[in-house]
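Written out below as structure tokens is the structure these notes cover.
Since we're looking at a predicted model, the values are computed, not measured.
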Amino acid sequence: QVQLRESGGGLVQPGGSLRLSCAASGNIYSNFVMGWYRQAPGKQRELVATITSGGTTNYADFVKDRFTISRDNAKSTAYLGMNSLKPEDTAVYYCNAIGYNDYGHRHEYWGQGTQVIVSS
């Protein structure tokens, strides 16, 4: 069973930076896609960025040129680097993993979330 654990959240001032980590354990599919989502109070959970096993990335428009998603397959860890943080980036950030088994069945996993607060 796959388990994901996020870390690195906290309180930061506007314009500051944070790097979130997502450590994966268990049976990770070779073709899995890692993603970061976030959910602010009163808002729906929204996609922030994704990265494939081959390193192809995709970003939401609101974080382009500020956030960077990466992964270290040897450590089974994904990262989200966040620069020039704004108050509207305040949210709980969740790590997500999607993979397909040999039968083509989709499996999806979520971490517990880590809180990011951007405030003076």
Stepwise side-chain contact (heavy atoms from CB on, under 4.5 Å) test for Arg38 and Leu47: CA-CA 7 Å; Arg38 71 185 188 185; Leu47 174 69; over 6 Å; no
Which atom pair, heavy atoms only, marks the closest approach of Leu4 to Ala24? CD2-CB, 3.7 Å
Does Val12 share a hydrophobic cluster with Leu80, counting links as ILVMFWY side-chain heavy atoms below 4.5 Å and allowing steps through other members? yes
Regarding Arg66 and the six-membered ring of Tyr59, is the cationic atom NZ or CZ under 6.0 Å from the ring centre and inside 45° of its axis? no
Whether the side chain of Arg71 engages the backbone of Gly54 through a donor-acceptor N/O pair (distance < 3.5 Å, no angle test) should be reported. no
Would Lys86 and Asp89 count as a salt bridge (Lys or Arg N to Asp or Glu O under 4.0 Å) here? Give the steps. CA-CA 5 Å; Lys86 305 174 181 179; Asp89 294 319; over 6 Å; no
Looking at NE2 of His107 and CZ of Phe32, how far apart are the two atoms once the value is rounded to the nearest 0.5 Å? 14.5 Å
Working to the nearest 0.5 angstrom, can you tell me the gap between Ile51 CD1 and Thr68 OG1? 10.0 Å
Using a 6.0 Å cut-off, check whether atom CG of Asp65 has over 12 heavy atoms from anything other than its own residue. no
Judged by atom type as modelled, is there a donor-acceptor pair below 3.5 Å linking the side chain of Gln115 to the main-chain atoms of Ala91? yes
same_hphob_cluster(Tyr79, Phe67) at 4.5 Å side-chain heavy-atom cutoff: no
So, taking the atom named CD in Glu6 and the one named CG in Asn96, what distance separates them when rounded to the nearest 0.5 Å? 10.0 Å
Using 0.5 Å steps for rounding, measure from the CD atom of Gln39 to the OH atom of Tyr93. 12.0 Å
Of the non-hydrogen atoms in Val2 and Tyr109, which two are nearest, and what is the gap between them? O-CD2, 3.5 Å
Name each donor-acceptor pair under 3.5 Å that joins a side chain in residues 15-22 to protein atoms two or more places apart or in another chain, with its distance.
from  : atom 1 : to    : atom 2 : distance (Å)
Ser17 : OG     : Asn83 : OD1    : 2.9

Measure across Cys95 and Met34 and return the closest heavy-atom pair with its distance rounded to 0.1 Å. SG-CE, 3.5 Å
Using 0.5 Å steps for rounding, measure from the NZ atom of Lys75 to the CG atom of Asn73. 12.0 Å
Co-membership, hydrophobic cluster, residues Ile69 and Phe62, 4.5 Å side-chain: yes
If only side-chain N and O atoms count, and only distance matters, is there a donor-acceptor pair under 3.5 Å linking Tyr37 with Arg45? no
Within 6.0 Å of CD in Gln44, more than 12 heavy atoms from elsewhere: no
Calculate, to the nearest 0.5 Å, the distance between atoms OG1 and CG belonging to Thr50 and Asn58 respectively. 4.5 Å
Hydrophobic clusters here meaning ILVMFWY residues chained together by side-chain heavy-atom distances under 4.5 Å, can you tell me if Tyr94 and Val48 are in one? no
Between Pro14 and Pro87, is there a side-chain heavy-atom distance shorter than 4.5 Å? yes
